[in-house]
Enquirer: 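Got a structure for you, questions after.
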Amino acid sequence: MHAMKIKEAGADRLFTIVNYCVLTLVMLIVLYPLVYVVSASFSSSSAVLSGRVWLWPVEPTLDGYRAVFKNTMVVRGFMNTIFYTVAGTGINLLFTVLAAYPLSRGDFRGRNMFMLLFVFTMMFSGGLIPTYLLVKDLGMIDTVWSMLIPGALSVWNVIIMRTYFQTTIPGELLEASQLDGCSDFRFLLRIVLPLSGPILAVIALFYAVGHWNQYFNAMIFLKRAELYPLQLILRDILVQNEINIDMLGDAKTAAARQGLRELLKYSLIVVTSVPLLVVYPFVQKFFVKGVMIGSLKG
Amino acid sequence: MSIDVFLIISESINSRAMASLYCKKNFILTRSVYYEITSIDVFLKKRILSKKRNNDFSKARHNRQNMQIYGLKRFHVICGHRPDIPSETKGVTKLNLWKDITRKWQLYALFALPLIYIIVFKYVPMYGAQIAFKDFNVTKGITGSPWVGFAQFERFFHSHEFWRLLRNTLVVSFYALLASFPFPIILALGLNYVKNERFKKSVQMITYAPYFISLVVLVGLLLQFLDPRTGLINTLLGWFGLGPYHFMAQASWFKSIYVWSHVWQNTGFACIIYLAALSGIDPALHEAAVMDGATKVQRMRHIDLPGILPIAVILLILNTGQMLETGFEKILLMQNPLNLRTSEVIDTYVYKVGLVSQAMNFSYATAIGLFKAVIGFILLIIVNQTAKQLKQESLW
């Protein structure tokens with residue numbers, strides 16, 4: 001390797017330089033908005049309003065965060081979202097494993113038929129309105145169940161997990177266990193699952209991200225404000241620009257209110273996004289595995 | 001002395017390794033002893049079975065279909081029982097379906113819950129989609145409402161919204177499809193030639209991050225940055241004496257903002273799959289090319305690109321098939337009365353007609369949704385067939 005580096009020809013050297021420059025540029029384009037938001041959230045409201053924030057916080061304060069955490073709606077939304085994410089992901093994983101394991105077994109009679117039944121739903125669906133009517137008929141509207149059950153399973157993730165089981169759990173292991181009288185339940189619980197840590201982590205992350213970022217289902221299924229997840233409250237504040245006056249209670253003048261309003265938005269964005277951005281690097285090393293398996297033919 | 005024997009009928013070396021591993025791990029195995037088995041026939045002849053039974057086993061080895069059935073038999077043999085299956089092989093092969101299913105009832109028990117879910121939450125709505133051909137009335141229910149044939153569809157095709165919706169949907173879809181296709185590939189190719197691991201890791205870590213930001217936050221960010229008074233972009237343009245522009249309020253800007261924010265959010269994550277494909281390319285190809293004096297650009301062009309082409313084609317197929325699934329949750333967030341002319345797509349219209357408007361019309365909305373679903377389905381089939389014709393990878 002070292003020798004190659006020295007011998008790198010002119011064209012290659014130019015390529016390497018251009019490559020590093022382009023990648024650095026890409027990195028900056030992605031990173032800058034994120035850094036800006038974090039800096040703005042820590043800056044004073046007047047600095048944000050007058051556009052003096054460029055890279056680092058100007059006149060650092062915690063006003064925005066104070067306003068965020070004083071707001072009962074936001075705090076409750078945060079709690080709701082944590083509940084939906086944890087409970088929802090648990091249900092998701094249970095359903096996905098239960099579906100994927102039998103489908104991964106060659107001796108599961110009717111497996112092709114079931115697979116077709118599952119895959120077809122990826123290509124064709126009844127649509128928004130019939131689904132809404134179903135959830136309504138099941139009496140789930142305006143209950144926490146409407147946030148957990150209708151999306152309990154993603155067929156795509158079932159396929160990923162099934163392929164993982166097929167490729168990494170050797171058939172001999174099953175045969176050996178069966179010889180000793182191990183039941184299918186026990187085999188799944190004691191052998192398959194302990195061997196599937198990486199894929200469980202990736203799939204759990206995908207599901208958790210989905211729940212954490214979900215707003216649309218909440219918007220159509222939930223009516224009571226105390227059930228709202230964070231994203232829905234966020235939507236009112238960020239997109240609809242509806243902010244309760246009492247959230248801005250501290251600000252005296254109209255200008256100060258306007259400033260705090262903007263500051264609040266930046267702080268909210270940070271508070272909402274940080275949990276996922278902190279968690280994902282730990283699972284990142286498994287991404288390739290999950291994504292690659294998903295790309296294999298089913 | 002009675003010995004319980006651990007026996008695997010398989011010709012791979014792997015199975016033997018696995019068996020010993022399994023013995024060591026001692027999960028459930030308590031009474032079994034592992035033998036080095038060189039030949040199953042010899043082993044059986046010498047140690048356990050009568051000649052007759054031995055014949056059964058050697059047949060089984062050559063008939064893969066019977067393996068499952070013999071799995072049961074082996075179990076009995078090993079426990080020292082004579083299996084109570086009919087002695088003639090014919091009866092064994094015709095072990096019926098029902099017996100096979102009851103023997104594996106646990107698999108079906110596991111599968112029951114997801115199956116019920118899929119039927120209830122995916123197929124019942126498909127059944128419910130029949131209201132597209134009915135005049136749905138809440139009190140009469142899905143089955144009780146009167147049939148009206150294609151009236152809802154005709155109403156849609158003749159409405160003045162139809163062409164606008166179709167055009168917006170297609171424009172946004174195609175634009176997003178084409179713009180978001182090349183960037184992950186370029187990023188992956190670039191990353192593949194980075195030798196500095198730390199630099200590579202940080203680029204990856206940072207470019208993946210936007211994928212985890214919610215759509216609400218993303219649209220919130222867009223609104224903040226594009227704000228005509230306080231937004232960063234307009235402050236920047238102000239330096240050059242331009243603007244301020246109210247980007248979100250101009251219908252002509254909508255599609256570009258939608259597409260390029262999509263590219264910003266998803267490029268990093270989408271490149272993972274290409275990186276994986278690149279790492280699967282045989283390094284010998286690169287070594288040979290280096291020996292022949294190929295530059296990096298040439299290697300990229302003649303080794304890497306052909307190497308990831310199959311995956312690129314699959315992804316293009318997948319994306320084209322999903323093309324009409326415009327990110328309508330995001331579009332809904334980006335919509336305002338001023339950009340509605342270009343931002344109203346079929347999905348958002350379905351949502352508004354069905355669930356928001358004062359006169360909720362479930363049947364009409366379902367018909368529009370069904371129209372889109374059918375078009376999308378046909379599109380997927382066509383694209384896949386085309387790929388097959390080209391002898392490229394296809395989905396099925």
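Just so it is clear: chains get the letters A, B, ... in the order the sequence lines come, proteins before strands, and each one is counted from 1.
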Enquirer: Between B:Lys104 and A:Asp107, is there a donor-acceptor pair closer than 3.5 Å when you use the side chain of the first and the backbone of the second?
Expert: yes

Enquirer: Please classify the contact of B:Phe199 with chain A as side chain, backbone, both or neither, using a heavy-atom distance under 4.5 Å.
Expert: side chain

Enquirer: Side-chain contact, heavy-atom cut-off 4.5 Å: B:Met205 with A:Tyr280?
Expert: yes

Enquirer: For the CE atom of A:Met27 and the CD1 atom of B:Ile206, what is their distance to the nearest 0.5 Å?
Expert: 5.0 Å

Enquirer: For A:Thr24, which atoms come within 4.5 Å of any heavy atom of chain B: side chain, backbone, both, or neither?
Expert: both

Enquirer: Shorter than 4.5 Å, heavy atoms on both sides: which option in B:Ile186, B:Thr207, B:Val194 has the most such pairs with chain A?
Expert: B:Val194

Enquirer: Return the option, out of B:Leu315, B:Leu223, B:Leu187, with the maximum number of heavy-atom pairs under 4.5 Å with chain A.
Expert: B:Leu223

Enquirer: For the NZ atom of B:Lys296 and the CZ atom of A:Arg13, what is their distance to the nearest 0.5 Å?
Expert: 10.0 Å

Enquirer: Tell me, side chain or backbone of A:Leu98 under 4.5 Å from chain B's heavy atoms, or both, or neither?
Expert: both

Enquirer: Checking heavy atoms, do the side chain of A:Gln231, its backbone, both or neither come under 4.5 Å from chain B?
Expert: both

Enquirer: Which heavy atom in A:Asn213 sits nearest to a heavy atom in B:Ser214, and how many Å separate them?
Expert: OD1-CB, 3.0 Å

Enquirer: Heavy-atom distance under 4.5 Å to chain B: side chain of A:Val18, backbone, both or neither?
Expert: neither

Enquirer: Counting only non-hydrogen atoms closer than 4.5 Å, does B:Val374 touch chain A with its backbone (N, CA, C, O), its side chain (CB onward), both, or neither?
Expert: both

Enquirer: Side chain, backbone, both or neither: which part of A:Leu133 has an atom under 4.5 Å from a heavy atom of chain B?
Expert: side chain

Enquirer: Name the option with the most non-hydrogen atom pairs under 4.5 Å to chain A; the candidates are B:Gly280, B:Gly220, B:Ala373, B:Gly231.
Expert: B:Ala373

Enquirer: Check whether A:Leu117 gets within reach of chain B through its side chain, its backbone, both or neither, counting any heavy atom under 4.5 Å.
Expert: both

Enquirer: Which region of A:Leu277, side chain (C-beta onward) or backbone (N, CA, C, O), has a non-hydrogen atom less than 4.5 Å from a non-hydrogen atom of chain B, or is it both or neither?
Expert: side chain

Enquirer: Quick one: do B:Gln224 and A:Glu262 satisfy side-chain hydrogen bond (donor to acceptor under 3.5 Å, both in side chains)? Show the steps, please.
Expert: CA-CA 8 Å; B:Gln224 290 305 108; A:Glu262 296 305 309; 2.8 Å; yes

Enquirer: Judged by atom type as modelled, is there a donor-acceptor pair below 3.5 Å linking the side chain of A:Asp184 to the main-chain atoms of B:Gln106?
Expert: no

Enquirer: Please look at B:Asn196 and chain A and tell me whether the side chain, the backbone, both or neither of the residue comes under 4.5 angstrom of a heavy atom of that chain.
Expert: both

Enquirer: So do the side chains of B:Leu191 and A:Asn19 get within less than 4.5 Å of each other, counting heavy atoms only?
Expert: no

Enquirer: According to salt bridge (Lys or Arg N to Asp or Glu O under 4.0 Å), does anything in residues 205-225 of chain B pair up with another residue at least two apart or in another chain? List the pairs.
Expert: none

Enquirer: Decide yes or no on side-chain contact (heavy atoms from CB on, under 4.5 Å) for B:Lys122 and A:Phe120, but give the supporting numbers first.
Expert: CA-CA 10 Å; B:Lys122 302 289 173 185; A:Phe120 184 70; over 6 Å; no

Enquirer: Ring centres of A:Phe206 and B:Phe212 under 6.0 Å apart?
Expert: no

Enquirer: Would you sort out whether B:Leu333 and A:Phe216 count as a side-chain contact (heavy atoms from CB on, under 4.5 Å), showing the intermediate values?
Expert: CA-CA 10 Å; B:Leu333 290 169; A:Phe216 187 74; over 6 Å; no

Enquirer: Rounded to the nearest 0.5 Å, how far apart are CG of B:Leu218 and CG of A:Leu238?
Expert: 11.0 Å

Enquirer: The criterion is ring pair (Phe, Tyr, Trp, His ring centres under 6.0 Å); which residues satisfy it with A:Tyr215, sequence neighbours excluded?
Expert: none

Enquirer: What I'd like to find out is whether the side chain of A:Tyr132 reaches to under 4.5 Å of the side chain of B:Thr366, using heavy atoms alone.
Expert: no

Enquirer: Do B:Trp264 and A:Val30 come close enough that some side-chain heavy atom pair is under 4.5 Å?
Expert: yes

Enquirer: Any idea which of B:Gly369, B:Gly190, B:Gly354 has the most non-hydrogen atom pairs under 4.5 angstrom with chain A?
Expert: B:Gly190

Enquirer: Using non-hydrogen atoms and a 4.5 Å limit, figure out which bit of A:Phe124 sits close to chain B: side chain, backbone, both or neither.
Expert: both

Enquirer: Could you walk me through whether A:Phe95 and B:Leu113 pass the side-chain contact (heavy atoms from CB on, under 4.5 Å) check?
Expert: CA-CA 7 Å; A:Phe95 273 62; B:Leu113 205 56; 3.8 Å; yes

Enquirer: With respect to chain B, which residue among A:Ser125, A:Pro33, A:Pro281 yields the maximal number of heavy-atom pairs within a distance under 4.5 Å?
Expert: A:Pro33

Enquirer: Which bit of A:Thr131 comes within less than 4.5 Å of chain B, counting heavy atoms only: side chain, backbone, both or neither?
Expert: both

Enquirer: Can you tell which of A:Leu276, A:Val135, A:Leu232, A:Leu153 has the highest number of heavy-atom pairs within less than 4.5 Å of chain B?
Expert: A:Leu153

Enquirer: In sequence, state the C-alpha distance, the side-chain angles, and the governing distance for A:Leu128 and B:Leu355, and then conclude on side-chain contact (heavy atoms from CB on, under 4.5 Å).
Expert: CA-CA 9 Å; A:Leu128 177 68; B:Leu355 298 177; 4.2 Å; yes

Enquirer: Side chain from CB out, backbone as N, CA, C, O: work out which of these in A:Val22 comes under 4.5 Å of a heavy atom of chain B, or both, or neither.
Expert: neither

Enquirer: Do the non-hydrogen side-chain atoms of A:Ile129 and B:Val350 ever get within less than 4.5 Å of each other?
Expert: yes

Enquirer: Report yes or no: does A:Trp212 contribute a side-chain atom to a donor-acceptor pair with the main-chain N or O of B:Ile213 at less than 3.5 Å?
Expert: no

Enquirer: Against chain B, label A:Phe187 side chain, backbone, both or neither, depending on which of its atoms sit under 4.5 Å from a heavy atom there.
Expert: neither

Enquirer: What part of A:Leu205 is in contact with chain B, defined as an atom under 4.5 angstrom from a non-hydrogen atom: side chain, backbone, both or neither?
Expert: side chain

Enquirer: Do B:Ile118 and A:Phe114 come within less than 4.5 Å of each other through their side chains, counting heavy atoms only?
Expert: no

Enquirer: Which bit of B:Ala112 is near chain A, if near means a heavy-atom gap under 4.5 Å: side chain, backbone, both or neither?
Expert: neither

Enquirer: Mind checking whether A:Tyr20 and B:Tyr193 have side chains closer than 4.5 Å, heavy atoms only?
Expert: no

Enquirer: Counting only heavy atoms closer than 4.5 Å, note whether B:Met300 contacts chain A via side chain, backbone, both or neither.
Expert: side chain

Enquirer: Report which part of A:Leu138 has an atom under 4.5 Å of a heavy atom belonging to chain B: side chain, backbone, both, or neither.
Expert: side chain

Enquirer: Where does B:Leu222 contact chain A at under 4.5 Å (heavy atoms): side chain, backbone, both or neither?
Expert: neither

Enquirer: Between B:Tyr127 and A:Gly126 (side chain of the first, backbone of the second, donor and acceptor by atom type, cut-off under 3.5 Å), is there such a pair?
Expert: no

Enquirer: To check you understand the geometry: which heavy-atom pair defines the closest contact between A:Pro130 and B:Pro125, and what is its length?
Expert: CB-O, 3.3 Å

Enquirer: I'd like to verify something: which residue of A:Leu94, A:Val279, A:Leu188, A:Leu103 has the highest number of heavy-atom pairs under 4.5 Å with chain B?
Expert: A:Leu103

Enquirer: Please confirm whether the ring centroid of B:Phe111 lies under 6.0 Å from the ring centroid of A:Phe108.
Expert: yes

Enquirer: A:Leu134 versus chain B, heavy atoms under 4.5 Å apart: side chain, backbone, both or neither?
Expert: side chain

Enquirer: Check whether any side-chain heavy atom of B:Leu332 lies under 4.5 Å from a side-chain heavy atom of A:Met219, and answer yes or no.
Expert: yes

Enquirer: Is B:Tyr123 close to chain A through its backbone or its side chain, or both, or neither, when contacts mean heavy atoms under 4.5 Å?
Expert: side chain

